[in-house]
Amino acid sequence: MNLKPSPFAPATFPVLPTVKGLRAAAGSRGFYARRGIERDDVFLFAFDEGTNCAGVYTVSNTASADVRWCREALKAGAGKARALVAHSGNSNAFTGPKGVEKNEATLKAMTGTLGVARETCFLAATGVIGEPLKDPNFVGAFVPDLAARLGAPDWRACARAFMTTDTYPKASGRTVDLAGTPTAFAGIAKGSGMIMPNMATMLSYVFTDAAVAPDLLQGLLKDITDVTFNAITVDGDTSTSDTLMVFATGGTGAPAIESRDDERFRAFADALHATCLDLALQVVKDGEGASKFVTVKVEGADTERSAKNVACHIANSPLIKTAMAAGDANWGRVVMAVGKSLEPIVMEKLAIWFDDVQVARGGARAPDYDEAAASAVFAKPEFTIRVDLGYGEGASTVWTCDLTHGYVDINGAYRT
């Protein structure tokens with residue numbers, strides 16, 4: 001499948017900071033080579049002893065075997081981490097006993113090769129759902145080779161290794177000062193289709209050399225997920241493999257952050273939020289076939305949850321998304337989406353803007369409505385749809401993209 005690069009793809013891969021306390025290696029099991037593509041398809045991260053982690057996963061009732069293992073390991077290991085293996089080529093979802101065998105073989109290779117506890121090892125897989133596994137050891141057999149090559153991460157290689165229909169590798173990083181200690185954050189993500197706010201709908205990993213207590217890290221990650229990865233949508237579909245994890249190695253040697261009262265907590269939280277938000281928005285900007293990146297803001301709702309529900313109805317509407325693609329400023333479709341959400345509104349106060357152009361107010365088309373101005377907004381590659389429900393104080397923001405013929409072409413040929 002020859003994918004047209006996203007119009008939002010960055011010119012270069014970002015330079016990520018050095019995260020102390022981890023090593024990595026990427027390699028190829030030959031999955032893409034069979035298709036004439038030269039790229040890695042698996043990576044291994046090894047973490048120093050003392051690394052803590054947190055994770056959030058898909059809420060899908062058909063979650064992959066890898067997701068189910070990660071949930072179990074996160075609990076059994078009390079938030080400790082020593083290794084991570086992720087691969088593309090097969091989602092290991094709905095693969096029956098063979099999927100569990102694949103995990104067992106990989107875990108055995110990780111524990112035996114690295115000398116770490118089983119419950120500190122994490123797994124991820126992405127690709128076609130329900131594809132039978134011919135050899136359950138197709139990843140585990142490659143672990144010793146990866147382990148022998150562990151070193152400073154090649155972030156670009158790792159970010160490419162778990163791409164599927166992504167048109168570019170996604171990464172984000174920064175270094176912040178935590179009470180006089182320079183602290184690194186580096187993250188990678190994959191995701192382009194099957195994206196809907198219901199955890200995250202993709203695979204993403206963030207690494208930092210700060211030391212943070214596991215329970216504190218878990219609570220913070222859940223909060224951040226709600227306003228980043230849980231606030232993006234491409235097509236309204238929730239994956240079987242959603243995984244978002246953060247690994248805190250403690251490599252700076254600074255004392256652990258164990259409470260939100262710690263003077264360093266806010267700076268740490270802001271850096272983690274910034275990294276997650278950057279990665280999440282890159283996923284939307286690489287939406288399958290996308291040509292527009294659109295912010296949907298809803299205010300005046302009963303609650304934040306109500307506002308988010310309305311925003312998601314707008315962001316996921318095929319009618320609105322195709323109008324975005326065509327540059328058709330059909331604001332009536334926004335009215336439709338607001339109504340079908342079944343959230344409380346005050347019809348007589350409902351107002352809608354496309355960027356700064358007001359198209360509706362007082363429960364009707366704006367008296368000074370300007371079709372040319374509204375159409376000019378929808379013709380832009382990036383713009384904002386803002387809605388005031390006139391009911392309360394709740395507000396929420398969701399990010400989405402348009403729906404083009406490219407989406408149909410990509411998904412019609414996904415398995416071929």
Side-chain angles (χ1 to χ4, degrees), residues 8 191-198 200-201 229-239 280-281 283-302 304-345 347 350-355 357-361 363-366 369 371 374-375 377-391 394-412:
F8 303 103
S192 184
M194 203 179 287
I195 306 294
M196 162 64 186
N198 209 355
T201 342
F229 286 105
N230 253 3
I232 62 173
T233 179
V234 168
D235 48 23
D237 283 331
T238 295
S239 171
L281 297 189
V283 170
V284 178
K285 289 180 176 181
D286 198 22
E288 290 174 338
S291 67
K292 306 282 179 70
F293 172 71
V294 181
T295 301
V296 180
K297 293 185 175 182
V298 174
E299 57 195 45
D302 182 27
E304 180 180 344
R305 182 175 181 179
S306 176
K308 188 170 186 177
N309 188 33
V310 174
C312 286
H313 273 80
I314 295 170
N316 283 322
S317 167
L319 289 175
I320 295 174
K321 292 165 74 68
T322 50
M324 293 173 182
D328 178 12
N330 191 339
W331 59 268
R333 291 180 175 180
V334 178
V335 174
M336 172 278 300
V338 170
K340 76 170 184 175
S341 74
L342 304 183
E343 296 293 344
I345 67 170
M347 178 84 78
L350 182 64
I352 302 170
W353 293 260
F354 295 160
D355 279 351
V357 178
Q358 188 168 38
V359 298
R361 69 171 176 267
R365 192 177 78 173
Y369 174 74
E371 175 74 17
S375 296
V377 173
F378 259 54
K380 297 194 300 185
E382 299 186 39
F383 58 88
T384 297
I385 297 174
R386 181 164 67 93
V387 178
D388 189 335
L389 304 181
Y391 189 90
S396 184
T397 300
V398 167
W399 294 273
T400 191
C401 60
D402 57 347
L403 179 60
T404 70
H405 289 289
Y407 181 88
V408 178
D409 294 339
I410 290 168
N411 285 284

Task: Listed partners of Arg386 passing side-chain hydrogen bond (donor to acceptor under 3.5 Å, both in side chains), at least two apart - done: Glu299
Task: Nearest heavy-atom neighbours spanning Ile320 and Ala337 - done: CD1-CB, 3.8 Å
Open item on the list: How close do Ala290 and Asp402 get, counting heavy atoms only, and between which atoms?
Closed with: CA-OD1, 3.4 Å
- [ ] Using the test side-chain hydrogen bond (donor to acceptor under 3.5 Å, both in side chains), find all partners of Thr322 that sit at least two apart in sequence or belong to another chain.
- [x] none
Task: Residues in side-chain contact (heavy atoms from CB on, under 4.5 Å) contact with Arg305, at least two apart in sequence or another chain - done: Thr303
Open item on the list: If I compare all heavy atoms of Ala374 with all of Val357, which pair ends up nearest, and what's the gap?
Closed with: N-CG1, 4.1 Å
Task: Nearest-0.5 Å distance, CD1 of residue Ile314 to OG1 of residue Thr233 - done: 12.5 Å
TODO: With sequence neighbours excluded, tell me which residues meet side-chain contact (heavy atoms from CB on, under 4.5 Å) with Thr295.
DONE: Phe293, Lys297, Thr384, Thr397, Trp399
TODO: Just jot down the side-chain hydrogen bond (donor to acceptor under 3.5 Å, both in side chains) partners of Ser375, sequence neighbours excluded, or say none.
DONE: Glu371
Task: Closest heavy-atom pair and its distance - Ala311, Val398 - done: CB-CG2, 3.7 Å
TODO: Just jot down the side-chain hydrogen bond (donor to acceptor under 3.5 Å, both in side chains) partners of Asn309, sequence neighbours excluded, or say none.
DONE: His313, Glu343
TODO: Check salt bridge (Lys or Arg N to Asp or Glu O under 4.0 Å) between Asp355 and all other residues, then give those that pass, not counting sequence neighbours.
DONE: Lys380
TODO: Start with the C-alpha distance between Ser396 and Val298, add both sets of side-chain angles, then the distance that settles side-chain contact (heavy atoms from CB on, under 4.5 Å), and finish with yes or no.
DONE: CA-CA 6 Å; Ser396 184; Val298 174; 5.5 Å; no
- [ ] Without swapping roles, check the side chain of Asp388 against the backbone of Ala351 for a donor-acceptor pair under 3.5 Å.
- [x] no
Open item on the list: How long is the straight-line distance from CE of Met336 back to OG of Ser341, given to the nearest 0.5 Å?
Closed with: 10.5 Å
Open item on the list: Treating Lys321 as the side-chain partner and Asn316 as the backbone partner, does any N or O pair qualify as donor plus acceptor under 3.5 Å?
Closed with: no
- [ ] Assess whether side-chain contact (heavy atoms from CB on, under 4.5 Å) is satisfied between Leu350 and Val387, documenting all intermediate values.
- [x] CA-CA 7 Å; Leu350 182 64; Val387 178; 3.8 Å; yes
Open item on the list: Going by the rule ring-ring contact (aromatic ring centres under 6.0 Å, His included), which residues pair with Phe378 if we only count those two or more places apart in sequence or in a different chain?
Closed with: Phe354, Phe383
Task: For Tyr369 against Ala329, the heavy-atom pair lying closest together - done: OH-O, 4.1 Å
Task: Set of salt bridge (Lys or Arg N to Asp or Glu O under 4.0 Å) partners for Arg333, sequence neighbours left out - done: none
Task: Approximate separation, where rounding is to 0.5 Å, of Thr400 OG1 and Ile385 CD1 - done: 9.0 Å
Open item on the list: Holding to salt bridge (Lys or Arg N to Asp or Glu O under 4.0 Å), I want the full list of residues that pass it with Lys340, two or more places apart in sequence or in another chain.
Closed with: none
- [ ] Please list, chain by chain and in numerical order, all residues satisfying side-chain contact (heavy atoms from CB on, under 4.5 Å) with Pro381, sequence neighbours excluded.
- [x] Phe8
Task: Set of side-chain contact (heavy atoms from CB on, under 4.5 Å) partners for Ile345, sequence neighbours left out - done: Val338, Leu389
